[in-house]
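Remarks on the structure that follows.
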2 protein chains.
Amino acid sequence: MEHIVDNIKSQMRKGLLEYCILLILNKKEAYASSIIEELKQANMIVVEGTLYPLLIRQKNQGLLNYRWEESTQGPPRKYYMITDKGRSLISEMDLAWQEIVSTIETIRK
Amino acid sequence: MEHIVDNIKSQMRKGLLEYCILLILNKKEAYASSIIEELKQANMIVVEGTLYPLLIRQKNQGLLNYRWEESTQGPPRKYYMITDKGRSLISEMDLAWQEIVSTIETIRK
DNA sequence: TTTAAATACCTTGCATAACAAAGTAGTATT
DNA sequence: AATACTACTTTGTTATGCAAGGTATTTAAA
């Protein structure tokens, strides 16, 4: 039974990930590990194998850019930042998210 | 650009589908076409090829049951109804849904 | 009575994407 | 030099939404 819940829960979160990445980078540029950390703080567990391909995808879609930056401790970090295109996508996604919330309310009645 | 939005939107809705089916059947038993109709009313477009396998899956998980019923116009209909197990899953999903909504709020800050 | 339209259920094959797991590589510490 | 740590990347598996096509029943028109 519990695995059914976990499965649906992870299903639910799946579609929201792309939106969350954009929201996070809209506040401040960040590198992968720090994004994972912020998501974890907000109760959304994401692993590297999920995030890296997603960042690359969004970068290829022109929603993000990145630059390398040396770290004081450890290897260089790839800092991602949102583009104008990414920002304008957020506006549309904000609307889409509101629609979804209201859809659930409508169905629940 | 528009296809990116549509893609993410459909991604978002994906995970919510199972939850929506349970919510709908929690109110009243229904057959596939009527479920599709209700989802459409709530702004969530779903096609048969998506819904049928999902209903069968949920039935196999013991969340739903069904019975056949003659129709006054057309072939017999398979009416699905929620089980006790399905109902108790809804309680957990309600919580999960609230968590997700609050996750988005946290991330947006 | 055949044909067509409408309704309903089901299946196949494809594309996408999340994830586990393993790999590569730079930096710091012992 | 060896180990630990941090960070980025890739591969293979699995799940699933969906387009498209298929089957079956009923009703109504030709």
Side-chain angles (χ1 to χ4, degrees), chain A residues 3-22 29-40 44-61 63-81 100, chain B residues 3-21 25 29-40 44-61 63-81 100:
Chain A
H3 78 98
I4 300 182
V5 178
D6 288 342
N7 193 36
I8 299 185
K9 276 167 86 168
S10 100
Q11 276 292 311
M12 277 184 163
R13 284 181 307 206
K14 273 181 189 174
L16 295 170
L17 242 187
E18 297 203 46
Y19 182 40
C20 288
I21 304 306
L22 294 177
E29 59 180 34
Y31 66 104
S33 303
S34 67
I35 294 173
I36 289 175
E37 190 49 39
E38 177 155 359
L39 288 169
K40 198 189 289 174
M44 184 176 285
I45 307 298
V46 176
V47 295
E48 294 183 326
T50 300
L51 186 61
Y52 280 98
L54 199 160
L55 287 173
I56 290 165
R57 211 160 59 237
Q58 292 192 329
K59 195 265 167 187
N60 290 337
Q61 291 177 321
L63 306 175
L64 308 179
N65 264 324
Y66 68 80
R67 67 181 163 76
W68 286 99
E69 182 168 312
E70 296 297 316
S71 166
T72 52
Q73 359 177 312
R77 297 166 173 175
K78 208 172 182 177
Y79 277 84
Y80 282 91
M81 61 215 71
I100 285 174
Chain B
H3 79 99
I4 299 181
V5 178
D6 288 343
N7 195 37
I8 298 185
K9 277 167 84 168
S10 101
Q11 276 293 309
M12 277 184 163
R13 284 180 307 205
K14 272 182 189 174
L16 294 169
L17 241 186
E18 298 201 47
Y19 182 39
C20 287
I21 303 305
L25 292 177
E29 58 180 36
Y31 64 104
S33 304
S34 66
I35 293 173
I36 288 174
E37 189 51 38
E38 176 154 0
L39 288 170
K40 197 189 291 173
M44 184 176 284
I45 306 299
V46 177
V47 296
E48 293 185 328
T50 300
L51 187 61
Y52 280 99
L54 199 159
L55 287 172
I56 290 166
R57 213 160 56 236
Q58 291 192 329
K59 196 264 167 186
N60 289 338
Q61 291 178 320
L63 306 175
L64 308 180
N65 263 322
Y66 67 79
R67 67 181 163 74
W68 286 99
E69 184 170 316
E70 297 296 318
S71 166
T72 51
Q73 3 179 306
R77 297 164 174 176
K78 208 173 183 175
Y79 276 85
Y80 282 91
M81 62 215 71
I100 285 174

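Throughout, a chain's letter reflects where its sequence line sits, starting with A, and its residues are numbered from 1.
- Of all heavy-atom pairs spanning B:C20 and B:L39, the tightest one is CB-CD2, 4.0 Å.
- Of the residues near DNA chain C, A:R13 and A:E70, the one whose nearest nucleotide (by heavy atom distance) lies more toward the 5' end is A:R13.
- Atoms NZ (B:K14) and P (D:dC18) sit 6 Å apart, rounded to a whole Å.
- Contact of the A:I36 side chain with the A:V47 side chain is not registered, since no non-hydrogen atoms from C-beta on lie closer than 4.5 Å.
- Scored by the side-chain contact (heavy atoms from CB on, under 4.5 Å) test, A:I100 finds A:W97, B:M12, B:R13, B:L16, B:W97 as partners (sequence neighbours excluded).
- B:I36 has its CD1 atom 13 Å from the P atom of D:dG17, to the nearest Å.
- Nucleic acid contact class of A:T72 (heavy atoms, under 4.0 Å, all strands): sugar-phosphate only.
- End-to-end axis angle of the helix from C:dT1-D:dA30 to C:dT30-D:dA1, using five pairs per end and rounding to 10°, comes to 20°.
- Side-chain contact between A:K40 and A:I45: present, with at least one pair of heavy atoms (C-beta onward) separated by less than 4.5 Å.
- Every side chain to side chain donor-acceptor pair (under 3.5 Å) that A:E37 has, sequence neighbours left out, goes to A:Q41.
- Side chains of B:Q11 and A:L17 form no contact here, defined as non-hydrogen atoms less than 4.5 Å apart.
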Report all interatomic pairs (protein N or O, nucleotide N or O of nucleotides 5-11 of chain D) with separations under 3.5 Å.
{"from": "D:dA7", "atom 1": "OP1", "to": "A:Y31", "atom 2": "OH", "distance (Å)": "2.9"}
{"from": "D:dA7", "atom 1": "OP1", "to": "A:R77", "atom 2": "NE", "distance (Å)": "2.8"}
{"from": "D:dA7", "atom 1": "OP1", "to": "A:R77", "atom 2": "NH2", "distance (Å)": "2.7"}
{"from": "D:dC8", "atom 1": "OP1", "to": "A:K78", "atom 2": "N", "distance (Å)": "2.9"}
{"from": "D:dC8", "atom 1": "OP2", "to": "A:Y52", "atom 2": "OH", "distance (Å)": "2.5"}
{"from": "D:dC8", "atom 1": "O5'", "to": "A:Y52", "atom 2": "OH", "distance (Å)": "3.3"}
{"from": "D:dC8", "atom 1": "N4", "to": "A:E48", "atom 2": "OE1", "distance (Å)": "3.2"}
{"from": "D:dT9", "atom 1": "OP1", "to": "A:K78", "atom 2": "NZ", "distance (Å)": "2.6"}
{"from": "D:dT9", "atom 1": "OP2", "to": "A:K78", "atom 2": "NZ", "distance (Å)": "3.3"}

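- For the pair B:M44 CE and D:dC18 C1', the computed distance is 15 Å after rounding to whole Å.
- In this view, B:E69 and B:R67 satisfy the salt bridge (charged side-chain N to carboxylate O under 4.0 Å, His left out) rule, not counting sequence neighbours.
- Two residues are said to be in side-chain contact when any heavy atoms from C-beta on lie closer than 4.5 Å; B:L63 and B:L25 fail this criterion.
- When DNA chain C is scanned 5' to 3' for any atom under 4.0 Å from a heavy atom of chain A, the first and last hits are C:dA17 to C:dA28.
- With respect to B:Y31, the ring pair (Phe, Tyr, Trp, His ring centres under 6.0 Å) criterion is satisfied by exactly one of B:Y80, B:Y79, B:W68: B:Y79.
- Side-chain contact between B:L51 and B:I21 is present, with at least one heavy-atom pair separated by less than 4.5 Å.
- Regarding B:L17, its CG atom lies at a distance of 18 Å from the P atom of D:dA15, rounded to whole Å.
- Contact check for A:V46 versus A:L54: no side-chain heavy atoms found under the 4.5 Å cut-off.
- Atom CG of B:N7 is separated from atom P of D:dA19 by 13 Å (rounded to the nearest Å).
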